[in-house]
Protein chains: 2
Amino acid sequence: MSIFFSRQCEYALQSIIYLAQKKQGEMTTIKEISSHLNIPFHFLGKIFQKLSHKGLLHSMKGVSGGFWLAKPAEEIVLMDIIIAIDGTDIMSLCVLGYAECNSASPCPMHNEWKTTKENFFASLSKKNILDVAKEIKKDGYRAA
Amino acid sequence: MSIFFSRQCEYALQSIIYLAQKKQGEMTTIKEISSHLNIPFHFLGKIFQKLSHKGLLHSMKGVSGGFWLAKPAEEIVLMDIIIAIDGTDIMSLCVLGYAECNSASPCPMHNEWKTTKENFFASLSKKNILDVAKEIKKDGYRAA
DNA sequence: CGATAATCGGACAAACTCATCTGAAATCAG
DNA sequence: CTGATTTCAGATGAGTTTGTCCGATTATCG
């Protein structure tokens, strides 16, 4: 029942926000994250593989291994994660599904959708995950 | 590669806009619509069944049968079609995928997403398909 | 009436996303 | 070194959405 972002992307966002709540450089296992956030263990493994390949996470194998953020939390914005997982199509596709819709021959919702999405993506590009993590802690908000 | 609305919903929107370009009460076949809009014939049949059950279309079997709008085009808004096909979940689900997100315990994107979607849905609820059809004709815009 | 052409509705197939399984490689503790 | 634990990577399975098929029903027209 996910909307707008894929399930994978939702899980990635939630997990990276979770990592941002940790001390910088602290290592965390998939096991811990999947149980805390209620995300399927093996599926999260796949997602973290992708995020590692994209350069957002670092990892270490072995008994005391795990994952940690490749950059300080304040330098990672939500949009980075979305682009890493879902790509950039979401920013350009026609909301009514017309294949030929573009700025030169816009569909009837083109301009309103353009404004809507640009504003929203702009705020996703401003939100760094350190602030997000603090906000969640402050409210005592607990992820699914 | 559809976003926001399901494929079915996109097809429904495009098809009903197509019907709105016809004279009021004029009957049109699935065959014509599917070939003009490049929508799979049998799939569109299913979608139109659903739209008929929901009361947005009327239909007639037989040699000169087909479908027509159940109401004048100016009385049907885009949101009616979206709700008929995709339902109302899209209006309430958390954009980051947190199960426990709501106005009482909002996620970090909750309020921005709320504003974004409410504005967009409001404009979808204002747009009647007669205006949309005219706009498409005026621009010479041709659906996929 | 009989042929044709359209929707109706249920079953089925294909494609895509979500999720799991398994074995290998790396790291660490004893 | 050996056993335990973790990520890595490819294969496989499950579920959902998308798309197809077919027989039945209904209306039109010659």
Side-chain angles (χ1 to χ4, degrees), chain A residues 1-15 19 26-35 37-70 82 85-87 89-90 93 97 99 144, chain B residues 1-15 19 26-35 37-70 82 85-87 89-90 93 97 99 144:
Chain A
M1 305 285 181
S2 74
I3 57 158
F4 213 68
F5 304 131
S6 68
R7 258 288 147 73
Q8 272 192 57
C9 190
E10 291 180 355
Y11 290 159
L13 287 161
Q14 296 174 10
S15 300
L19 285 178
E26 186 179 339
M27 209 175 300
T28 310
T29 64
I30 295 177
K31 195 176 167 195
E32 175 184 336
I33 299 172
S34 75
S35 72
L37 298 179
N38 197 32
I39 296 171
F41 178 81
H42 292 94
F43 196 29
L44 188 56
K46 289 295 174 198
I47 295 167
F48 270 28
Q49 269 183 41
K50 195 180 288 187
L51 291 170
S52 297
H53 292 153
K54 298 276 184 176
L56 287 172
L57 295 180
H58 287 152
S59 67
M60 210 176 68
K61 291 183 183 180
V63 162
S64 61
F67 292 86
W68 67 98
L69 296 176
I82 292 158
I85 300 294
D86 279 355
D89 278 357
I90 197 177
L93 290 175
Chain B
M1 303 285 184
S2 74
I3 56 160
F4 214 64
F5 305 131
S6 69
R7 259 291 147 71
Q8 272 190 57
C9 189
E10 291 180 355
Y11 291 159
L13 286 162
Q14 295 174 11
S15 299
L19 284 178
E26 185 178 340
M27 210 175 297
T28 310
T29 64
I30 294 177
K31 195 175 166 196
E32 174 184 337
I33 299 171
S34 75
S35 72
L37 297 180
N38 196 33
I39 296 171
F41 178 80
H42 292 95
F43 196 28
L44 188 56
K46 290 294 171 199
I47 296 168
F48 269 29
Q49 269 183 41
K50 195 181 289 187
L51 291 170
S52 296
H53 292 153
K54 298 277 183 174
L56 286 171
L57 295 180
H58 286 152
S59 67
M60 209 177 69
K61 291 185 182 177
V63 162
S64 61
F67 293 85
W68 67 98
L69 297 175
I82 292 159
I85 301 293
D86 280 354
D89 278 358
I90 198 176
L93 290 175

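All values below were derived from every heavy atom in this structure, side-chain atoms included, with hydrogens, water molecules and symmetry-related copies excluded. Every chain is numbered from 1 and lettered A, B, ... according to where its sequence line falls, protein lines coming before strand lines.
Residue-level contact check: A:Phe48 touches neither bases nor backbone, having no heavy atom under 4.0 Å from any strand. Residue B:His53 is classed as a sugar-phosphate contact, given heavy-atom separations below 4.0 Å to backbone atoms only. Using a 4.0 Å heavy-atom cutoff across all strands shown, B:Ser6 reaches sugar-phosphate atoms only and no base atom.
For the pair B:Gln49 and C:dT7, the criterion of a side-chain N or O lying under 4.0 Å from OP1 or OP2 is not met. Between D:dT18 and B:Gln8, a contact under 4.0 Å exists linking OP1 or OP2 to a side-chain N or O. For B:Ser59 and C:dC8, the shortest distance from a side-chain N or O to OP1 or OP2 is below 4.0 Å. Between B:Tyr11 and the phosphate of D:dG19, there is a side-chain N or O to OP1/OP2 separation shorter than 4.0 Å.
Residues A:Asp86 and A:Phe4 share a closest heavy-atom pair of OD2-O, 4.5 Å. Here the closest non-hydrogen pair linking A:Ser52 and A:Phe67 is OG-CE2, 3.6 Å.
In this structure, A:Ile3 places its CD1 atom 17 Å from C1' of D:dT17, rounding to the nearest Å. Atom P of nucleotide D:dC8 and atom CD1 of A:Ile47 are separated by 14 Å, given to the nearest angstrom. In this structure, NZ of A:Lys31 is placed 17 Å from P of D:dC8, rounded to the nearest angstrom.
Closest to the A:Val63 side chain, of the nucleotides C:dG9, D:dC8, D:dA4, is D:dA4. When distances run from any side-chain atom of B:Phe43 to the nucleotides C:dC18, D:dT18, C:dT7, the shortest one goes to D:dT18. Nearest nucleotide to the B:Pro40 side chain, out of C:dA19, D:dT25, D:dG19: D:dG19. With distances taken from any side-chain atom of A:Ser64 to the nucleotides C:dA11, C:dC28, D:dA27, the minimum falls on C:dC28. For B:His42, whose side chain is taken as the heavy atoms from C-beta onward, the closest listed nucleotide among D:dT20, C:dT4, D:dA9 is D:dT20.
In this structure, the side chain of A:Gln14 engages the main chain of B:Gly97 through a donor-acceptor pair within 3.5 Å.
Once rounded to the nearest 0.5 Å, the distance linking CD of B:Glu10 with CD1 of B:Ile85 reads 12.0 Å.
Within the 4.5 Å cutoff, the side chain of B:Phe48 has heavy atoms near those of the B:Leu19 side chain.
Taking the nucleotide of DNA chain C with the nearest heavy atom to each of B:Ile30 and B:Lys46, the more 5' of the two is matched to B:Ile30.
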